[in-house]
Amino acid sequence: MARVIVDVMLKNEILDPQGKAVEGALARLGLAGVTSVRQGKSFSLELEGDIDESRLAQIHELAGSLLSNPVIEDYVIREDVR
Amino acid sequence: MARVIVDVMLKNEILDPQGKAVEGALARLGLAGVTSVRQGKSFSLELEGDIDESRLAQIHELAGSLLSNPVIEDYVIREDVR
Amino acid sequence: MSRHTDTVANAETTPELEQPYSELGLKTDEYFRIREILGRRPTSAELAMYSVMWSEHCSYKSSKVHLRQFGDKKPETEALLVGIGENAGVVDIGEGWAVTFKVESHNHPSYIEPYQGAATGIGGIVRDILSMGARPVAVMDPLRFGAADHPDTRRVLPGIVAGISGYGNCLGLPNIGGEIVFDASYQGNPLVNALCVGTMRHEDIHLASAKGVGNLVILYGAKTGGDGIGGVSVLASETFAEGGPTKRPAVQVGDPFMEKLLIECTLEVLRAGLVEGIQDLGGAGISCATSELASNGEGGMHVRLDQVPLRDASLTPEEILMSESQERMCAIVTPEKVDAFLAICRKWDVTADVIGEVTATGRLVIEWHGEIIVDVPPRTVAHDGPVYERPFARPSWQDSLQADGPERLARPSTAAEIRDTVLTLVGSPNLASKTWVTSQYDRYVLGNTVLAQPEDAGVIRVDEKTGLGVALATDCNGRFAKLDPYNGAKLALAEAYRNVATAGAAPLAVTNCLNFGSPEDPDVMWQFSEAVRGLADGCLELGTPVTGGNVSFYNQTGSTPINPTPVVGVLGVIQDVARRTPMAFRASDDVVLVLGESRDEFAGGEWAHVIHGHLGGLPPVVDLGRERSLGELLVAASVGSLITAAHDVSDAGIVQTLVEMALRAGVGALVRIPEGVDPFVFLLSESTARAVVTVPTSTLGAFESLAGDHGVPVTRIGIVGAAGDDLIVESVYGASATWTLTELRTTADATLPALFA
Amino acid sequence: MSVTMRIGVVTFPGSLDDRDAARAIRIAGGEAIELWHGDADLHGVDAVVLPGGFSYGDYLRCGAIARFAPVMGPLVAAANGGLPVLGICNGFQVLCESHLLPGALVRNTDLHFICRDQRLRIENAHTLWTSSYAEGQEIVVPLKNGEGSYVADESTLDMLESEGRVVARYIGVNPNGSRRDIAGVANARGNVVGIMPHPEHAVEALTGPTTDGLGFFTSLLKGLVEA
Ligand SMILES: Nc1ncnc2c1ncn2[C@@H]1O[C@H](COP(=O)(O)OP(=O)(O)O)[C@@H](O)[C@H]1O
Ligand SMILES: [Mg+2]
């Protein structure tokens, strides 16, 4: 059993209205000194068996096509083996 | 300058239609052995100055009220000081 | 095994076992009735089923004795194809078409989790419509919130609206209307009512009954999880677990895409003739579906509960029986059609499993891994629940409330004061433009929306070839109902009826959602009984039968109940939607006419509420005979192409009606107060049975004589466009009141975004 | 003798405006052919409309999963070979995800789903889908989306402008924060067009705000007959 987490974030140059909205709300609720908020998505995949090179490559491939859209988003893969 | 990441996930027993949709798509696209996918949100907060206890407590408070709804979601705070 | 299963055999050998029936919301005498029915103690699974099915929500135990009036006073009608008691009533609209519609509440869940609560409210009512065999074609959403500027309203409103929008839009159902009303009495108790309407050919009507011994029971749709356990009954089933309590979420999460698949898949299996009986899974999940199907059919069913596909493998059988997981349906299918049924489910990627069969035993038997855990007469679960005659009494405060009329309130007495008063009202939350909300709803999808909000009624084309269509409106003024619940319910009916007729459709049938406080409070129970009596009497008088509805009790904070809110939905038929009457002023030089009579009636109205924060007195007099005449006139005028626009008069009176007609068109009007009438009363009173229409000079004579035939008083008050981009009212205490359309629009548009954006 | 043009309308499981697109095609004088997402065959149609809706629920990103549907294989190949394809709303999103059109569609800036009657200007009347309009013509059609904000990097936007591939632009109000008010774009060849607002909801006076949308469908039929 393995777990892989794929974090997807909007590229920096793409406007993030959700992050902006949260930033405003945090300030209104009294959290001082917030200079920026970005909102992203994360996918937590539970997989049977181990993650070998080829499987990781496959996950990278899917993270860059299905889970994120490279035109607007970047992704990072965190392996989280328990 | 500090960065705090708040990861918000649906509680395990709550239906996650987003995760389910991704799970189905990953399987159709040939990734074998995926037993479950959960989709979450993450908020990356950039803050001025340092994060002391009281500020962290404030962030916890907001993570549990504004950024997540404790009825259906859990959150985790990752501090990511650079 | 970490825990044992409580089987029927076990129950027989351990008659004295203490059972947590009161934690499950059952009264002691109810528990003993169950023991009497079964001749032994119930198993834990049986106890779960009875407790949830005998809850207020599922058994209508407090309301049943009153709701009977809808049947007893049912008007003579040929239109009713399926009446009260099924998932939704069905009416005949002619040309072989039938329509089913119903409104339901999802109040409490929407307070806890606004987005999901409201979303699953839409999901649930859509499945009710689907289970009758109809294609859902539109939704509406009557909503009530606390004070507009209260912080909690800011918490719940955007979430509720987003939930309705997120779920309804994703299903592809146009949202054609609803209500958004703010009143402090709903603080902590927002009302989320959801209405769905569906259409079908007569031969496509299906019922929830398990007919045909040997036929199979198929559960299809989403897998079963721990959703909403404890949502129907009071308690989660944690008391059953011996290895420590499990915490199950009371919140149900919706998956609109799954529901969309369920709609398409269900319609395909129905149209292919593969289904003998069908039932949606809503409150009380499998407990409700199996017991109702069995009770309505052959009377017997054998279910293998371990065949239910689970999302969470740790669920106990009791939890599976009680789960309110969304997007599930149950169908009865003959053995030779099962393969074809499952093939269509596969096409739509919908999970489907045979979980049992219809039997002739007269018992609902449920098996769990080879052991019998339920063996009950299904009727005792589904239909023979407890019935209460709750005590009710006219509240001690009712007289003083009615005695405190609005006569003592200061009234505007110059044109300038009228001008300011109107601007204040136009921008007040209940009258302001609701576009910030309704622009989040798709009103175009399916391509058959002929009228949608903010028009008086939503109008949907049913048949593209002939133009046959239906119109729907929902209404209720909870303040009127508080002042006088009997007439308040009639007033709600009258307003919805008038709205449908205003659009040019003939009112045909009624649905309702009765939102009240605790039935254990005799004051509330009196309000409820009066409202039901009023609605039943009103429907009889108007000839529009009640086809179904829903009751929501316990809407209160502490001991303070909400204003009684009997939301009434009226459905009308229009033979050719091309002749529907919109509300916008159309052509300059059309004559503006008021239909009906204006009296000095302000109690419970918007003026008293907004300007004075006052509630007291007796609500406007309701005269259903006049409503009927007005309705017939409006329909006849539409048929005869005599009028160009019509808009009903209700909240804040004729002036608000004129403002809305002008803003909708972007064209003003020049209006004059008739001789001998008080301008304030004429402009702002909320007398019933009135509408404003515009008539081209070419048909003016014909229209006025038609009105005479119907006995409806007509007053010419002005001319469309005669004041350019202004709305001008002359002869207001010797001067004119002028509003520019720009200032009216800015005022009306600013309020909701300022509060919620 | 003119032969009726066969225009495919793809139905994904969560498509919503497929019936409307078919109705628009019929009103324009064409024959609408149902295409199923799971069927990797275009059945010889003369053109394809990808309709609005939520193709596979679109909880991930709109159009992200639809891009991998069986029908998309032959569709992408045919589009690259010149087959006329119109993507409306979700269809536009699918075309971007499939890289048949540049850029992407992201969450509306105000974070709400928005349904309104939208004024547009037709910027390019030379595509197969817009030839019935006059260049610069202003039309009003419904707009309804939650993720309709068109984004692309500056160089892509400059390229689209300089090559005249911005097909329609929002005027009056930019409802969703689209870069440079872009409502629709075309591929280099002009056979593939994506448009966020819904011309298929503006083809009948009774149900639409106007009948301005019909031009998208008559353009194609005219073009196909002339071709
Ligand atoms: N206020 C009411 N007026 C008329 N019929 C009602 C009312 N409340 C409930 N009913 C009817 O009682 C029956 C049972 O209601 P309910 O249990 O809510 O149905 P379902 O479980 O299908 O939603 C339905 O036929 C419903 O229409
Ligand atoms: Mg039902």
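Lettering follows sequence order; numbering is per chain, from 1.
- The environment of CG in C:D349 is sparse: at most 12 heavy-atom neighbours from other residues, nucleotides or ligands sit within 6.0 Å.
- Between the OH atom of D:Y56 and the CG atom of C:L261 there is a distance of 10.5 Å, given to the nearest 0.5 Å.
- Contact of the D:P13 side chain with the C:F257 side chain is registered, since non-hydrogen atoms from C-beta on lie closer than 4.5 Å.
- Contacts with chain C were tallied for D:G52, D:P209, D:G53, D:S15; D:P209 has the most, counting heavy-atom pairs under 4.5 Å.
- Taking the six-membered ring where tryptophan is involved, the planes of D:H201 and C:Y444 are essentially parallel, since the angle between them stays under 30° and well short of 60°.
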Applying salt bridge (charged side-chain N to carboxylate O under 4.0 Å, His left out) to D:R19 and C:E464, what does each step give before you reach the verdict? CA-CA 12 Å; D:R19 290 182 194 84; C:E464 268 185 65; over 6 Å; no
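- Note that CZ of D:F54 and SG of C:C170 are 5.0 Å apart. Values are rounded to the nearest 0.5 Å.
- Here CG of D:D110 is found 8.0 Å from OG of C:S439. Values are rounded to the nearest 0.5 Å.
- For D:R119, the CZ atom sits in a loose shell: 12 or fewer heavy atoms of surrounding residues, nucleotides or ligands are nearer than 6.0 Å.
- One distance of note links SG of D:C115 with CZ of C:R443; it measures 4.0 Å at 0.5 Å rounding.
- Summarising the geometry, atom CG belonging to D:D17 is positioned 6.5 Å from atom CG belonging to C:D442; distances are rounded to the nearest 0.5 Å.
- Heavy atoms closer than 4.5 Å to chain C are found in the backbone of D:S55, but not in its side chain.
- The contact between C:V577 and chain D is made by backbone and side chain atoms together, counting heavy-atom distances below 4.5 Å.
- For the pair C:K260 and D:L16, the minimum side-chain heavy-atom distance is below 4.5 Å.
- For the atom pair NE2 of D:H112 and CH2 of C:W436, the computed distance is 4.0 Å after rounding to the nearest 0.5 Å.
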If you apply the rule side chain to side chain contact (heavy atoms under 4.5 Å, CB included), what do you find for D:R116 with C:T435, and how did you get there? CA-CA 10 Å; D:R116 68 191 305 272; C:T435 303; over 6 Å; no
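- Contact of C:L446 with chain D is made through backbone and side chain together, with heavy-atom distances under 4.5 Å.
- The 12-atom threshold is not exceeded at NZ of C:K223, counting heavy atoms of other residues, nucleotides or ligands nearer than 6.0 Å.
- In this structure, chain C has no heavy atom under 4.5 Å from any part of D:E200.
- Heavy-atom distances place the side chain of C:E264, and not its backbone, under 4.5 Å from chain D.
- Scanning both residues, C:Y441 and D:F113, for their nearest heavy atoms gives C-CE2, 4.4 Å.
- The shortest non-hydrogen separation linking C:R461 to D:R23 is NH2-NE, 3.8 Å.
- Counting heavy atoms from C-beta on, the side chains of C:N169 and D:K144 never come closer than 4.5 Å.
- For C:V450 against D:T207, the heavy-atom pair with the smallest separation is CG2-CG2, 4.4 Å.
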